Amino acid sequence: QFEKRLEEIVVALDGDKRREAVEMAEQFWATGIKSSVAEIPLKHDINSLGYEDAWWRIDNADVFDKKHRSELITKAVI
């Protein structure tokens, strides 16, 4: 199983799929994997941002924790 080797993951779905990204991060978090959600602007996907911007967003992703779940879902990136 990949969960036994995977230590950290960043979920970077399209900007309008923020809720789904947080839910996915929560599933990984529940198995003990450090999970983060990248801030992708609304109406964009990771591929449309360009290499440097995409990697900046991945490197600076919001770390998931159960206490701030709803804040992560409602955080809109423009």
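The structure presented is a predicted model; accordingly, all values stated were derived computationally and were not measured. Values below: every heavy atom of this structure, side chains too, minus hydrogens, waters and symmetry copies.
Under a hydrophobic-cluster definition in which Ile, Leu, Val, Met, Phe, Trp and Tyr are linked whenever side-chain heavy atoms come within less than 4.5 Å, directly or via other members, Trp56 and Leu13 are assigned to different clusters. Taking hydrophobic clusters as Ile, Leu, Val, Met, Phe, Trp and Tyr residues chained together by side-chain heavy-atom distances below 4.5 Å, Val22 does not share a cluster with Val63.
The shortest non-hydrogen separation linking Ile46 to Ile40 is CD1-CD1, 3.5 Å. Nearest approach of Ala54 to Leu49, heavy atoms of both residues: N-CB, 4.2 Å. The shortest non-hydrogen separation linking Ser35 to Phe28 is OG-CB, 3.2 Å.
By the 4.0 Å N-to-carboxylate-O rule, Arg18 lies too far from Glu39 to be salt-bridged with it.
For the atom pair CD of Glu71 and CG of Asp65, the computed distance is 8.5 Å after rounding to the nearest 0.5 Å. In this structure, CD1 in Ile73 is found 9.5 Å from CD in Glu20, a value given to the nearest 0.5 Å. The line from NZ of Lys17 to CG of Leu42 is 12.0 Å long, rounded to the nearest 0.5 Å. In this structure, CD in Gln27 is found 11.0 Å from CD1 in Ile33, a value given to the nearest 0.5 Å. Interatomic distance, Thr31 OG1 to Glu26 CD, rounded to the nearest 0.5 Å: 11.5 Å. Separating the CD1 atom in Ile9 from the CH2 atom in Trp29 is a distance of 16.0 Å, to the nearest 0.5 Å.
For residues 40-53, the pairs satisfying side-chain hydrogen bond (donor to acceptor under 3.5 Å, both in side chains) are Asp53-Arg57, with sequence neighbours left out.
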